[in-house]
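Quick caveat: nothing in here was measured; it's all calculated off a predicted structure. For this chain, numbers begin at 1 and follow the sequence in order.
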Amino acid sequence: MPARINKRQQREQEELLALGNQPAAAIDADNEEELAPIAPSGFAALSIAENVHDGPESDDEISKPTKAKKAKKKKKKPAASDAPTSLQQAKPAETPKLQQPKSVKNGKGKEKKKDGLDDLDTALAELSQKYPELQSVANSSSSTTRNASLASLLSVSVSNLDAEAEMRKFFGARAVIAAKSSETSSSGGSKKRRGVAPNQTQRSQLTRPHPSWSMIKQREGLSSRPLTDEEVQQKITDQNSPAAGDKWWTVEYSKRYKGVTKTFMQAVLSGDPEALWRVLQKLPWHGDTLLQLAEVYRHQEEYSQAVEYVDRALFSYERAFLGSYSFTNGLNRLDFNRVENRPFFLALHRQVTDLQRRGCIRTAFEFGRLLYSLEPWSDPHGVLFHLDFVSIKSGMGQWLLDVYTEFSGAKTASEDHLNPSALPGWAYARALALFAREKSGGGQSVGNSTDALKQAMLAFPEVVPLLADKCDIPLSPELRGHRALRIQTDGIGLSPAQSVLHLLSHLYAQRSAPLWKSASHMKWFESTANGIQLSLNAQRSNPTRERFLQMYASTTLRYSVYRHILVLEQSFRNLFPFIPRSVLLAKQLACDPLPPLTASSEYNDAFFAGAEEIFSVRPRRREARALERLIPDAGVRAQIEALFDANPGLAGQLPGGVAQFVQMMAEMPDEALDDMMLGLAMGAGEGGVGVPGGGGMPGGLPMEGDNDEPDLEPMPPRGAAGAAPALADEDGSEEEDEDEDEYIAPMPIRVVRNLLNRFWGGGEAAADVDESDSDAEERDHDGVD
């Protein structure tokens with residue numbers, strides 16, 4: 001007995017029977033497309049519905065997919081016995097129409113695909129014959145691939161840019177925190193900048209912002225943009241050069257930033273450190289000024305302060321790259337020929353040096369790799385001479401091997417392109433990296449590393465006696481007496497390229513000698529060096545050495561070596577005899593050591609054309625409007641202005657004018673305010689001592705006999721909720737002026753009266769009034785205390 005069915009299944013059977021009994025004329029239009037409503041299975045209905053959409057549109061075809069969807073929705077489970085019967089009736093008409101066209105379609109699809117591939121190849125062949133210039137585009141793909149592989153080696157690990165994290169790994173968090181607290185207390189860290197919230201956070205990838213730093217805007221007068229195609233063509237004349245395929249960027253100065261830079265150059269040429277503080281007060285995030293002050297502290301051996309100012313310079317440039325330029329992916333380049341970009345190169349170079357001095361070798365490697373990625377083709381600051389040491393010291397020898405392999409098989413496309421595989425330091429560092437890899441792998445054989453060391457000694461034998469002397473490695477007398485191992489102490493009688501070779505040999509031996517002082521390395525070096533004499537005698541020329549001499553025939557690359565030594569003059573002054581006297585006697589500044597000969601811009605009158613004069617007289621209209629908002633009473637305002645004008649020393653110390661003077665007095669403690677009034681009364685304002693912390697500008701460098709620690713942070717304009725930065729920020733647009741005015745709130749009348757009473761002899765009366773007012777507030781309404 002068949003199972004009972006419900007009403008829904010009964011309606012489904014009736015619909016199937018009605019469809020099966022339709023006359024043949026009704027379904028003669030398209031047999032394949034009418035199979036959709038007959039199919040009972042949901043998956044079959046879906047597959048046939050796709051075929052229906054592929055066919056031509058008609059009224060019947062539009063209605064049938066709806067029925068198929070309805071049948072699929074109603075289909076739940078084959079519970080009825082009549083459903084299989086109807087399926088068997090519909091199956092003979094369905095099977096031959098679905099299977100046969102399927103095989104035919106597959107065959108046609110394969111033939112069509114094959115024909116399409118043949119047509120494509122034929123079209124490409126015809127195009128290559130018709131347009132031969134397309135062949136150069138195909139050849140350029142190899143250089144693009146090379147640039148992509150190089151970018152992967154130059155990409156920076158952001159997590160390893162934190163020197164404090166590396167120090168915590170070695171010494172522990174408690175030791176690092178204790179050291180920082182002791183440095184802060186010894187350097188006057190309790191003096192914090194007013195107007196800076198203690199809980200503010202500023203994010204950075206290059207440094208760890210201090211809470212005492214002032215809040216920086218997104219771009220403090222600095223912005224970045226990509227170079228245009230015309231500018232790239234002017235920079236790179238050889239379009240086959242791999243540098244032509246890179247993305248080049250530059251930093252741009254605003255008019256205000258140019259004005260600050262102009263004042264900075266005047267301060268540097270004057271030789272007055274106090275002038276640098278006045279520049280920094282105008283723009284606390286001026287990169288050149290921060291780097292110059294860092295150099296001042298470095299000469300005074302106050303390294304912690306020097307490191308902080310370098311960090312601030314890096315932070316200011318990092319904000320200029322936000323949203324446009326990424327300096328961590330290894331794909332973007334920065335044009336060193338433009339003077340706006342060179343402070344960032346200098347800041348990174350000094351950061352690499354300071355990190356090595358502090359023992360943060362892994363972080364120094366990452367910053368060195370970042371500096372190298374900015375301009376890998378000419379390496380303007382010679383960071384490769386750092387990387388051959390820090391890569392081995394930090395355990396990144398495999399990276400050095402990968403870069404060496406990347407360049408070893410490539411021919412120099414241009415004479416101004418630097419090839420690391422042709423450098424003496426990298427040749428010896430490669431042998432050390434192979435030696436370390438073989439030892440870590442557990443292998444007893446050191447054949448590859450020994451061969452690499454022999455190749456380095458044969459190509460650059462000048463390094464052998466220098467390293468042997470530094471590490472006390474004995475050499476045979478025959479080898480010592482070989483002419484190729486003669487030690488040069490200056491560049492007299494040598495060609496420029498040979499002089500650079502001896503300079504780099506001394507540089508590597510002086511910097512990397514600690515890597516060779518282990519017992520295993522010394523024994524390995526001694527045995528290898530004493531076995532190269534026969535090969536050295538038979539050698540007529542060496543391809544690696546010839547490539548080096550040809551490469552450093554370029555003046556641009558030689559200047560990179562000279563610039564590297566000049567930046568590190570304190571440590572490598574003994575190498576100055578290898579630098580030509582014309583370079584040493586040339587006019588240069590610490591903020592821009594040895595500008596490139598191919599510079600497209602420099603700090604001159606043409607560069608500063610249209611710059612804003614930051615120390616010009618402030619517009620009286622704007623200053624008056626700000627003062628009106630602070631002190632609405634005209635009489636009181638006139639008295640304050642008269643007091644300010646009577647003390648010209650205040651105007652030089654307070655660029656915010658009378659408004660800043662009033663705000664500063666309102667926030668000063670009573671004792672400090674009394675001292676300042678006494679100084680004004682005695683005529684101290686004429687000597688520039690009107691502002692607390694006399695003796696010159698706040699934040700000035702210590703003079704002889706001063707025992708107090710100087711406040712290293714330039715004093716910002718006083719004011720609540722950022723009123724002072726608004727007053728100090730001089731923008732030309734009226735809209736920004738209106739925004740700045742919104743920060744200025746009227747001062748309480750009691751505060752103004754208190755100030756005037758102090759100046760005009762009513763201090764005691766004002767104090768009595770304040771006490772009576774406070775007593776009245778403490779009493780309740782019933783008059784009972």
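The backbone N or O of Gln205 sits nowhere less than 3.5 Å from a side-chain atom of Arg208 that would complete a donor-acceptor pair. Using modelled atom types, no side-chain atom of Ser571 and backbone atom of Leu568 make a donor-acceptor pair closer than 3.5 Å. Without hydrogens or angle criteria, Asn160 side chain to Thr363 main chain gives no donor-acceptor distance under 3.5 Å. Of the possible donor and acceptor atoms, none in the side chain of Gln305 sits under 3.5 Å from a partner among the backbone N and O of Ala294. Under the 3.5 Å distance criterion, the side-chain polar atoms of Arg430 are left unmatched by any main-chain donor or acceptor of Leu400. Checking side-chain atoms of Arg558 against main-chain N and O of Ala553 turns up a donor-acceptor pair under 3.5 Å. Under the 3.5 Å distance criterion, the side-chain polar atoms of Ser152 are matched with a main-chain donor or acceptor of Ser149. Between the side chain of Ser499 and the main chain of Pro496, no donor-acceptor pair closer than 3.5 Å is present. Checked by atom type and distance alone, the side chain of Arg225 never pairs as donor or acceptor with a backbone atom of Thr250 at under 3.5 Å.
Residues Asp246 and Trp377 bring a donor and an acceptor atom of their side chains to less than 3.5 Å of each other. Looking only at atom types and distance, the side chain of Asp288 has no donor-acceptor partner in the side chain of Gln292 under 3.5 Å away. Side-chain atoms of Glu375 and Ser378 form a donor-acceptor pair, as typed in the model, at a separation below 3.5 Å.
Within a 6.0 Å sphere centred on CZ of Arg480, heavy atoms belonging to other residues, nucleotides or ligands number more than 12.
Ring geometry for Trp524 against His521 counts as tilted: the plane angle lies between 30° and 60°, on a 0 to 90° scale. Between Trp516 and Tyr428, the ring planes lie perpendicular to each other; the angle is over 60°, past the 30° to 60° tilted range.
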Report the C-alpha distance between Arg486 and Arg483 in whole Å, list the side-chain angles of each, state the deciding distance to 0.1 Å, and finish with yes or no for side chain to side chain contact (heavy atoms under 4.5 Å, CB included).
CA-CA 5 Å; Arg486 184 179 304 170; Arg483 61 179 182 179; 4.0 Å; yes
Hey, mind stepping through Thr353 and His386 against side chain to side chain contact (heavy atoms under 4.5 Å, CB included) and telling me if it holds?
CA-CA 9 Å; Thr353 306; His386 286 293; 4.2 Å; yes
Going through the checks in order, is the ring-ring contact (aromatic ring centres under 6.0 Å, His included) test met by Phe336 and Phe345?
CA-CA 8 Å; Phe336 186 76; Phe345 283 86; 5.0 Å; yes
Begin from the C-alpha positions of His349 and Val383 and carry the test side chain to side chain contact (heavy atoms under 4.5 Å, CB included) through to its verdict.
CA-CA 7 Å; His349 192 179; Val383 71; over 6 Å; no
Assess the residue pair Asn530 and Gln533 against the criterion (side-chain hydrogen bond (donor to acceptor under 3.5 Å, both in side chains)); give the C-alpha distance rounded to whole Å, side-chain angles, the decisive distance to 0.1 Å, and a yes or no.
CA-CA 7 Å; Asn530 291 325; Gln533 185 173 358; over 6 Å; no
Quick one, Glu546 with Ser541, criterion side-chain hydrogen bond (donor to acceptor under 3.5 Å, both in side chains). Give me CA distance, side-chain angles, the key distance, then yes/no.
CA-CA 7 Å; Glu546 296 297 329; Ser541 64; 5.4 Å; no
Determine, step by step, whether His482 and Asn537 satisfy the side chain to side chain contact (heavy atoms under 4.5 Å, CB included) criterion, reporting the C-alpha distance in whole Å, the side-chain angles of both residues, the deciding distance to 0.1 Å, and the verdict.
CA-CA 9 Å; His482 199 283; Asn537 292 332; 2.8 Å; yes
Quick one, Arg338 with Asp335, criterion salt bridge (charged side-chain N to carboxylate O under 4.0 Å, His left out). Give me CA distance, side-chain angles, the key distance, then yes/no.
CA-CA 6 Å; Arg338 297 176 179 268; Asp335 187 6; 3.3 Å; yes
Test side-chain hydrogen bond (donor to acceptor under 3.5 Å, both in side chains) on Glu462 and His506; report intermediate values, then the result.
CA-CA 9 Å; Glu462 294 82 359; His506 281 273; over 6 Å; no
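In this structure, Leu475 and Val464 approach most closely via the heavy-atom pair CD1-CG1, 4.0 Å. The nearest pair of heavy atoms linking Asn329 to Ser155 is O-CB, 3.8 Å. Closest approach of Tyr552 and Leu557 over heavy atoms only: CE2-O, 3.5 Å. Contact detail for Val390 and Ala364: the closest heavy-atom pair is CG1-CB, 4.5 Å. A pairwise comparison of heavy atoms in Ala320 and Ser224 identifies O-OG, 3.1 Å as the closest pair. Asp388 approaches Ala429 most closely through the heavy-atom pair O-CB, 3.5 Å.
Residues Tyr303 and Tyr297 keep their aromatic ring centres 6.0 Å or farther apart. A centroid separation of 6.0 Å or more is found between the aromatic rings of His381 and His564. Ring centroid separation for the pair Trp399 and Phe365 comes in under the 6.0 Å cut-off.
At least one side-chain heavy atom of Arg545 sits less than 4.5 Å from a side-chain heavy atom of Pro461. Annotation: side chain of Gln351 is in contact with side chain of Asp311 (closest heavy-atom distance under 4.5 Å). Looking at Gln488 and Gln498, their side chains never come closer than 4.5 Å, going by heavy atoms from C-beta outward. Met396 places a side-chain heavy atom less than 4.5 Å from the side chain of Arg362. Taking the side chain as every heavy atom from C-beta outward, Phe315 and Pro209 approach each other to under 4.5 Å. Counting heavy atoms from C-beta on, the side chains of Leu346 and Arg342 never come closer than 4.5 Å. Taking the side chain as every heavy atom from C-beta outward, Phe327 and Leu206 approach each other to under 4.5 Å. Val307 places a side-chain heavy atom less than 4.5 Å from the side chain of Arg357.
With values rounded to the nearest 0.5 angstrom, Tyr562 atom OH is found 10.5 Å from Ile565 atom CD1. Here Ile579 contributes atom CD1 and Leu503 contributes atom CG; the two are 6.0 Å apart, rounded to the nearest 0.5 Å. Rounding to the nearest 0.5 angstrom, the gap separating the CE atom in Met551 from the OG atom in Ser421 is 8.0 Å. The CZ atom of Arg319 lies 5.0 Å from the CG atom of Leu322; values are rounded to the nearest 0.5 Å. Separation of atoms OG1 (Thr207) and CG (Leu161) is listed at 10.0 Å; rounding is to 0.5 Å. Cys591 SG to Leu290 CG: the interatomic distance, rounded to the nearest 0.5 Å, is 12.5 Å.
With Phe385 as the aromatic partner, Arg511 does not meet the cation-pi criteria of under 6.0 angstrom to the ring centre and within 45 degrees of the ring axis. For the pair Arg312 and Trp285, the cation-pi criterion (under 6.0 Å, within 45° of the ring axis) is fulfilled. Under a cutoff of 6.0 Å and an axis angle of 45°, Lys235 and Trp248 form a cation-pi pair.
Salt bridge annotation for Glu295-Arg298: present, with a cationic side-chain nitrogen under 4.0 angstrom from a carboxylate oxygen. With respect to the salt-bridge test (charged N to carboxylate O, under 4.0 angstrom), the residues Arg369 and Glu366 qualify.
Every residue was checked against the ring-ring contact (aromatic ring centres under 6.0 Å, His included) condition with Tyr372, not counting sequence neighbours, and none meets it.
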